[in-house]
2 protein chains.
Amino acid sequence: MNISDAAKKSELPVKTIRYYADIGLVKETGRTANGYRTYDETAVKRLIFVRRSREFGFSISQTEELLALYSDEKRSSAEVKAIAQKRLLEIETKQKELEILRKELSNLVQSCHGDDRPNCPIMDYLG
Amino acid sequence: MNISDAAKKSELPVKTIRYYADIGLVKETGRTANGYRTYDETAVKRLIFVRRSREFGFSISQTEELLALYSDEKRSSAEVKAIAQKRLLEIETKQKELEILRKELSNLVQSCHGDDRPNCPIMDYLG
DNA sequence: TATAAAGCTTCTAGTAACTGGAGGGTCAAT
DNA sequence: ATTGACCCTCCAGTTACTAGAAGCTTTATA
């Protein structure tokens, strides 16, 4: 199938699929005589895998590792788990950061009158 | 004072201060005869303001707006509050996204044995 | 006074992961 | 024959810096 069919099946933009081919993440299966990329079902599966991995926020580099394990029959689930745990930690770290910010900003927003006068605790805090 | 003194006082890297000058966010107060940037206390205050704003995750563009209001005596606190509320919403939206991801990934990680065998629910989910 | 270290300048390029657009070839249908 | 929908490559832009090169000036030391 050509790239737009692969795009439909994988639910990825054509541009993104070309980009993944460029960086070597998921290469096209082949090319037609006129230079059009072709993809088979296996390649589409890899594209779907990449989309899901990216949706979880795994970086391209992490996705590359996962993809390698995906097609490695001799993989250990421990390797997969380690990568996932790393990502989980990233998420939790980010959540903590955001929660600190949210609390502080929420307090400031609540204490700001939000009227026509210039006086404002948000500005006091920043300045 | 020169740029490295401004950097110390504002707790920003020299490179970042130059960058802010380049994009017109916080311009240097002047230049010495040999072309060195100079900063006065007012400029340093603006740099500190920018640092705090960025620490809250306000974008450069939002920071620009806040900075304009900072030196606007006729500002209304409503304008400031609106920008802060927008940022607060961004934070909350991100938090919700992360929480969904965290739950899902956490479940997968917990259900993965993490041993020498290849079988792995994380891979099952992605593939 | 010579010199070396530190500090300043500008300019370019790289980071992450795409996305948009230009310019141009190809293919299917009317 | 032509229109519209594909496909291709290459370049630039996005965010907010950061690193490094090449080359001044200033300051401190021997």
Side-chain angles (χ1 to χ4, degrees), chain A residues 1-39 43-44 46-67 86-87 90-91 94 97 101, chain B residues 1-40 43 46-67 86-87 90-91 94 97 101:
Chain A
M1 74 191 87
N2 62 21
I3 200 167
S4 68
D5 293 326
K8 270 167 212 137
K9 289 205 182 189
S10 65
E11 296 174 62
L12 280 172
V14 167
K15 282 258 180 188
T16 301
I17 297 179
R18 264 192 218 112
Y19 172 71
Y20 288 160
D22 281 353
I23 63 171
L25 185 60
V26 180
K27 283 184 189 148
E28 62 269 10
T29 307
R31 297 267 185 159
T32 63
N34 55 43
Y36 286 15
R37 288 177 182 81
T38 59
Y39 290 85
V44 167
R46 288 165 64 80
L47 287 171
I48 292 169
F49 183 98
V50 167
R51 175 174 54 74
R52 298 229 179 98
S53 169
R54 295 287 303 125
E55 282 167 0
F56 264 125
F58 287 105
S59 68
I60 292 286
S61 156
Q62 287 172 325
T63 299
E64 224 170 322
E65 293 180 57
L66 289 172
L67 203 49
K86 198 174 165 192
R87 174 62 192 141
E90 288 169 14
I91 291 173
K94 192 72 189 171
E97 285 171 19
L101 290 186
Chain B
M1 75 190 87
N2 62 21
I3 200 166
S4 67
D5 293 326
K8 270 168 212 137
K9 288 204 183 189
S10 65
E11 296 173 62
L12 280 171
V14 166
K15 286 256 179 187
T16 301
I17 297 180
R18 263 190 218 115
Y19 173 71
Y20 288 161
D22 282 352
I23 63 172
L25 185 60
V26 180
K27 283 182 188 148
E28 62 267 13
T29 308
R31 297 268 186 157
T32 62
N34 55 43
Y36 286 16
R37 289 177 181 81
T38 59
Y39 290 84
D40 62 13
R46 289 164 63 80
L47 288 171
I48 292 168
F49 183 98
V50 167
R51 176 174 53 74
R52 299 228 178 97
S53 169
R54 295 286 302 125
E55 282 167 359
F56 264 125
F58 288 105
S59 68
I60 292 286
S61 157
Q62 287 173 325
T63 300
E64 222 170 326
E65 294 181 57
L66 289 171
L67 202 50
K86 198 174 165 193
R87 175 62 193 142
E90 288 169 13
I91 291 173
K94 191 72 190 170
E97 285 171 18
L101 291 185

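Residue numbering restarts at 1 for every chain, and letters A, B, ... go by the order of the sequence lines.
The distance between atom CZ of F58(B) and atom P of dA16(D), rounded to the nearest whole Å, is 13 Å. Between the CG atom of D22(A) and the C1' atom of dC7(D) there is a distance of 14 Å, given to the nearest Å. Following rounding to the nearest Å, Y19(B) (OH) and dA19(D) (P) show an atom-to-atom distance of 15 Å.
Of the residues in residues 9-17 of chain B, those placing a heavy atom less than 4.0 Å from an atom of DNA chain D are P13(B), K15(B), T16(B), in numerical order. A heavy atom closer than 4.0 Å to some atom of DNA chain D occurs in R31(A), G35(A), Y36(A), these being the qualifying members of residues 24-36 of chain A.
Base contact: R18(A) has a heavy atom under 4.0 Å from a base atom. R54(A) comes within 4.0 angstrom of the backbone, heavy atoms only, and of no base. Note on I3(B): only backbone sugar-phosphate atoms sit closer than 4.0 angstrom, heavy atoms only; bases stay farther off.
Under the 4.5 Å side-chain criterion, counting only non-hydrogen atoms from C-beta, Y20(A) is in contact with I60(A). Side chains of R54(A) and V50(A) form a contact here, defined as non-hydrogen atoms less than 4.5 Å apart.
A distance of 13.5 Å separates OG in S53(A) from CD1 in I48(A), rounded to the nearest 0.5 Å. Between L67(B) atom CG and L47(B) atom CG the span is 9.0 Å, to the nearest 0.5 Å. Atoms OG1 and CZ, on T32(B) and R37(B) in that order, are 10.5 Å from each other to the nearest 0.5 Å. For the atom pair E28(B) CD and Y39(B) OH, the distance stands at 5.0 Å (nearest 0.5 Å). Considering OG1 of T63(A) and CZ of F56(A), their distance stands at 11.5 Å, rounded to 0.5 Å. Note that NZ of K9(B) and CE of M1(B) are 4.5 Å apart. Values are rounded to the nearest 0.5 Å.
Comparing the local axis fitted to the first five base pairs of the helix from dT1(C)-dA30(D) to dT30(C)-dA1(D) with the one fitted to its last five gives a bend of 30°, rounded to 10°.
Note on R87(A) versus E90(A): salt bridge recorded, some NZ/NE/NH1/NH2 to OD/OE distance being below 4.0 Å. A salt bridge does not link E55(B) to R52(B): none of the charged side-chain nitrogens sits closer than 4.0 Å to a carboxylate oxygen.
For F49(B), the ring pair (Phe, Tyr, Trp, His ring centres under 6.0 Å) partners two or more places apart in sequence, or in a different chain, are Y70(B).
Annotation for P13(B) and A7(B): closest pair C-CB, 4.5 Å, computed over non-hydrogen atoms. In terms of heavy atoms, S4(B) sits closest to V14(B) at CA-CG2, 4.0 Å.
Between the side chain of R51(A) and the main chain of S10(A), a donor-acceptor pair closer than 3.5 Å is present. Under the 3.5 Å distance criterion, the side-chain polar atoms of T38(A) are matched with a main-chain donor or acceptor of G30(A).
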Is there any protein nitrogen or oxygen under 3.5 Å from a nitrogen or oxygen in nucleotides 27-29 of chain D, and what are the pairs?
none

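When DNA chain C is scanned 5' to 3' for any atom under 4.0 Å from a heavy atom of chain B, the first and last hits are dG7(C) to dT10(C).
Here Y20(B) does not reach the OP1 or OP2 of dA16(D): none of its side-chain N or O atoms lies under 4.0 Å away.
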